[in-house]
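In this chain, numbering begins with 1 at the start of the sequence shown.
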Amino acid sequence: VNRYLNKKKLPPATRPLPGPTGLPFIGRVHDVPAEGTWLKFYEWSKKYGPIYQTEMFGSVHVWISSEKIAHDLLSKRAAIYSDRPLIPNLPDNRTSGDYLALLGRTETWKRQRKLCSHLMHTSALDSLHSYPTRERDRFLYLMCQDPGKYLEWIEQFTSRTVSRLSWGTAHPAQVLRHTTFGLLETISPSGALPNVVSFLRHVPEAISPWKKKEKARHQLEEKLFRANVDYVKTMMAEKQAEPSFIRTFFESKESPDEKERAKWGETTEAMYVVGLMAIAGALTIGSPIQTYLLAMCHYPEWQRKLQEEIDTVLEGRCPQWDDRERLPLLRAVVKEVIRWRPPVPTGIPHAVEKDDIYDGYFIPSGATIHALEWGITRDESMYPDAESFNPRRWLDPSYPTYREPLTQYPNLNGFSQFGFGRRTCQGIPVVEQDLFLTMGGMAWAFNITKKRDAAGLEVPVHWNDYTPLLIAKPTRFLFDACPRSEDKMARMHAMFEAAKEEDEADAEAFCDQVEIISQQAAADSDSDHDFLINVRDSSPEVEVKLSSTDDEMIGSEKVKGLQPKIAALPIPGMWAWA
Ligand code: HEM
C-alpha cells in the first residue's frame, strides 16, 4: 500500500512506458496465468511494444522483448542495471552470499563473480577434464536400455557431470538434485506461495510452512557442501583429488604470492560459489536436452541431416568435443534448440538502482527489469519464421543470424539466452560441451521418433507444454529411441563399461559422511518436486500416469499442449520478485 501511495511522479518531458492497465493497489495480476507466464508477457509485447511495464502490488515490472533494447539498458547502462530484486520467499537473497546469481550488486557479488570466472576458466582450459564425455557415454547406454526413463537419465547426466566438475566426484549428484530442485521452488515466481502473495513473507517462521521447508532444505544443502569440501581436502592431502572447481580454489590459495592468495576469499565463501555453480548446472542443462528430443519428434528431417553430417565427417564415430570445428550443423542444432524453447523463458530479473529515461520513457529506480527471453527469440526481424525449429538460420548467409567462419560459429558465446551486461551467465563452457556431446551422441546412436500405439497410429507429442518454474522443461511425452545399428549398441555398451570402471574406483574413495547425507535426503525426499519440474498434473482434465513403462502410458495419458495455450487462473503465477 505504501509503495502504491508513494508512487513516483513523472519527471518533466518524459512519458510512462505503455502497458496493460491494472486495478488500484493490485495492479495487473488477475489475468496472468499460473503456467506459461512468458506466453502472456509475450502476447502483451505484441500489443504494447518491445518495452512495456506492468504493475503489481505497487512495484513496477519492465518487460523487454528486443535484444537491442536489452543491450541498451542492461549492458550499456550496466552501472545502474546490474542489481537483483528481492525474492519474498528468500528475503536475504540480495545480501547473504549463499547464491551468487541472486546476490545484489554488492562487493560480495563482485568478489564471488571473479572467483567463479577463475574456476570456470581454469576448468575450460583443460576441456572440463573430459567429465562431460564420461557421463555422456554412461547416459547413451542408459538411454539405449530404457528410453522411457529419459527424464531420470538426463537429470543423472547433468547432476553427475556438474558434481564431478565441482568436487571431482559424481556421488553428491543425488542429494544435489534434491536440494537444488527445492531451491528452484523457493525462488521461482510461480513456486512457493510467498512469491505470489508477497506479504506472506512476514509470517513468523513458527507458523510459516514455506520458511520451515526452506530452512530444512538449506541446512541439508550446507551439510552436503561442507562434506564435499572436506572430502576434497582429504583427497588433496593424500594427493588423490581429481580436478575440480574446489580443488582449483585450494590450489590458488597455496600460491606463494600473498596478493594472489587473498584475492579468492575464504573457504566458506568458495564453498558457496562452487555450490552455486553445481546448482546452476544441475538445474538448467536438462531443459535443452529434453527439448532436443521434442524437436526431433516434430522435425525428423533435421535429425536426418544431423546424422548425415556426423556419419560423413566422423565416418561412423561418435562425436567427441575435439570434433566441434568440423560439425557446424550439430552446433547449429544446439543453438536452435535453445532459441526455439528458451530454458529460462522469462529471464532472470535485474533491478535498476536509479531513475532512468529511455527513448523518452521513464523507468523508476527499484523497477524489476525482465529480459523476456521468449519474446527476444521471437523477434521476426532477427529470427524470421521464429516459431519453426530451423537450424539453417545459423548456417545460411541469407539469414540475419549467420556468421562466419563456420568452424567457429554458431556458438553460444554472447547469445541473448544467457543474459546481459555484468550479470551474464558464467556457465557457457559447460553448457556448450554438455549439449554438443549429448545431442551429437543421441543423433549418432538413435533414431528418435514419435511412438506408435497398438493400432499403428502415432501417439501425439505436445508442441509447447512446459513446466511453470523459472527453468522451464517440456512435460513428459512419449517417443521411441531406436538404436541405429547393432554395432552402435555394442559400442555404447563398451563406452558404458569403461565409464563404469572409473566410477567404481571413484566410489571406493568416497567418504562415508556424504553417503549419510544421501540417505537423509532420500528419506525426506519430496515427490512434489518431480511433479513441478518434469511431470506435473495441474489441469483437472488431464490424467498423467507416473509410470515408466510406455505401454502403460499409451492410452492412459491424454497428451497435453498440442497447441500453445494460455489458461487464466484465479491466483496469478506472477508475482513478486518485487
Ligand atoms: C542451458 C543452461 C543455462 C542457461 C540457459 C543459463 C542462463 C542464465 C541466465 C539467463 C542467467 C542470468 C543472466 C542475467 O541476469 O542477465 C544466468 C546466470 C548465471 N549462470 Fe547460467 N545458464 C545455464 C547454465 C549455467 C551453468 C552450467 C552454470 C555454472 C556451471 C551457470 C552459472 C551461472 C551464474 C554463476 C550466473 C549468475 C551471474 C551473476 O548473477 O552474476 N549457468 N544463466
Side-chain donor or acceptor of Thr180 paired with backbone N/O of Arg177 under 3.5 Å: no

Test item: Asn93 side-chain N/O and Pro85 main-chain N/O as donor-acceptor pair under 3.5 Å: yes

Short side-chain donor-acceptor distance under 3.5 Å, Ser252 and His118: yes

Side-chain heavy atoms of Ile154 within contact of Leu293, under 4.5 Å: yes

Check against side-chain contact (heavy atoms from CB on, under 4.5 Å), Leu220 and His178: CA-CA 10 Å; Leu220 180 62; His178 174 80; 3.6 Å; yes

Any side-chain donor near an acceptor of the partner, Thr186 and Glu214, under 3.5 Å: yes

Aromatic centroids of Phe420 and Tyr81 separated by under 6.0 Å: no

Interatomic distance, Phe496 atom CZ to Asp137 atom CG [nearest 0.5 angstrom]: 10.5 Å

Least distance between heavy atoms, Pro147 atom then Ala481 atom: CB-CB, 3.8 Å

Donor-acceptor pair, side chain of Ser188 and main chain of Leu470, under 3.5 angstrom: yes

Rounded distance [0.5 Å steps], CE in Met296 versus CE in Met439: 8.5 Å

Donor-acceptor contact present, side-chain Lys253 to main-chain Ala262, <3.5 Å: no

Other residues, nucleotides, ligands: >12 heavy atoms within 6.0 Å of Lys114 NZ: no

Under 3.5 Å side-chain donor-acceptor pair for Tyr466 and Thr291: yes

Residues which pass salt bridge (charged side-chain N to carboxylate O under 4.0 Å, His left out) with Arg261, listed by chain and number, not counting sequence neighbours: none

Salt bridge present between Lys263 and Glu260 (N-O < 4.0 angstrom): yes

Exceeds 12 heavy-atom contacts within 6.0 angstrom, atom CD of Gln145: yes

Within the 6.0 Å centroid threshold, strictly below: Phe139 and Tyr141: no

Chi angles and distances behind the side-chain contact (heavy atoms from CB on, under 4.5 Å) call for Glu325, Gln408: CA-CA 6 Å; Glu325 284 187 5; Gln408 198 183 332; over 6 Å; no

Carboxylate-amine/guanidinium proximity below 4.0 Å for Arg317 and Asp323: yes

Under the ring-ring contact (aromatic ring centres under 6.0 Å, His included) test, residues paired with Phe245 that sit two or more places apart: none

Polar side-chain atom of Ser127 near backbone of Ser130 as donor-acceptor pair, under 3.5 Å: no

Cationic N near anionic O, under 4.0 Å, Glu205 to Lys215: yes

Residues Glu269, Arg111: salt bridge by 4.0 Å N-O rule: yes

Glu185 and Arg217 ion-paired at < 4.0 Å: no

Residues in salt bridge (charged side-chain N to carboxylate O under 4.0 Å, His left out) contact with Lys110, at least two apart in sequence or another chain: Glu107

Derivation of the salt bridge (charged side-chain N to carboxylate O under 4.0 Å, His left out) call for Glu242 and Arg164: CA-CA 8 Å; Glu242 297 288 336; Arg164 285 190 193 280; over 6 Å; no

Over 12 non-hydrogen atoms of neighbours within 6.0 angstrom of CD in Glu266: no

Heavy-atom pair with the smallest gap, counting every atom of Leu86 and Pro91: CD1-O, 3.5 Å

Flag side-chain contact, heavy atom, 4.5 Å: Tyr99 against Leu103: no

Residue among Gln156, Met492, Glu152, Lys149 satisfying side-chain contact (heavy atoms from CB on, under 4.5 Å) with Leu142: Gln156

Any side-chain donor near an acceptor of the partner, His218 and Asp98, under 3.5 Å: yes

Pairwise side-chain contact, Thr37 with Pro468, heavy-atom cut-off 4.5 Å (strictly under): no

Exercise: do Trp394 and Glu336 side chains pair donor with acceptor under 3.5 Å: yes

Donor-acceptor contact present, side-chain Arg201 to main-chain Ile87, <3.5 Å: no

Spacing of Leu102 atom CG and Asp92 atom CG [to the nearest 0.5 Å]: 10.0 Å

Contact check, side chains of Leu140 and Phe446, non-hydrogen atoms, under 4.5 Å: yes

Polar side chain donor-acceptor pair, His129 to Ser123, under 3.5 angstrom: yes

Aromatic plane relationship, Phe225 with Tyr272 - under 30° parallel, 30 to 60° tilted, over 60° perpendicular: perpendicular

Phe436-Trp321 aromatic ring centre distance below 6.0 Å: yes

Test side-chain contact (heavy atoms from CB on, under 4.5 Å) applied to Arg136 and Gln320, step by step: CA-CA 10 Å; Arg136 185 278 307 265; Gln320 304 298 323; 3.3 Å; yes

Any side-chain heavy-atom pair of Arg491 and Cys318 under 4.5 Å: no

Nearest-0.5 Å distance that lies between atom CZ in Phe249 and atom CG in Leu119: 8.5 Å

Non-hydrogen side-chain atoms of Arg138 and Phe157 separated by less than 4.5 Å: no

N/O donor-acceptor pair under 3.5 Å between Gln307 side chain and Ala443 backbone: yes

Test log, rule side-chain contact (heavy atoms from CB on, under 4.5 Å), inputs Tyr131 and Leu128: CA-CA 6 Å; Tyr131 292 147; Leu128 307 180; 5.6 Å; no

Main-chain N/O of Thr284 paired with Lys473 side-chain donor or acceptor, under 3.5 Å: no

Side-chain donor/acceptor of Arg247 to backbone N/O of Gly168, under 3.5 Å: no

Flag side-chain contact, heavy atom, 4.5 Å: Val162 against Trp167: no

Check: Arg113 side chain, Arg422 main-chain N or O, donor-acceptor pair, under 3.5 Å: yes

Between CZ on residue Arg84 and OG1 on residue Thr106, distance to nearest 0.5 Å: 11.5 Å

Contact check, side chains of Phe250 and Thr267, non-hydrogen atoms, under 4.5 Å: yes

Spacing of CG belonging to Asp126 relative to NE2 belonging to His121, to within rounding of 0.5 Å: 12.0 Å

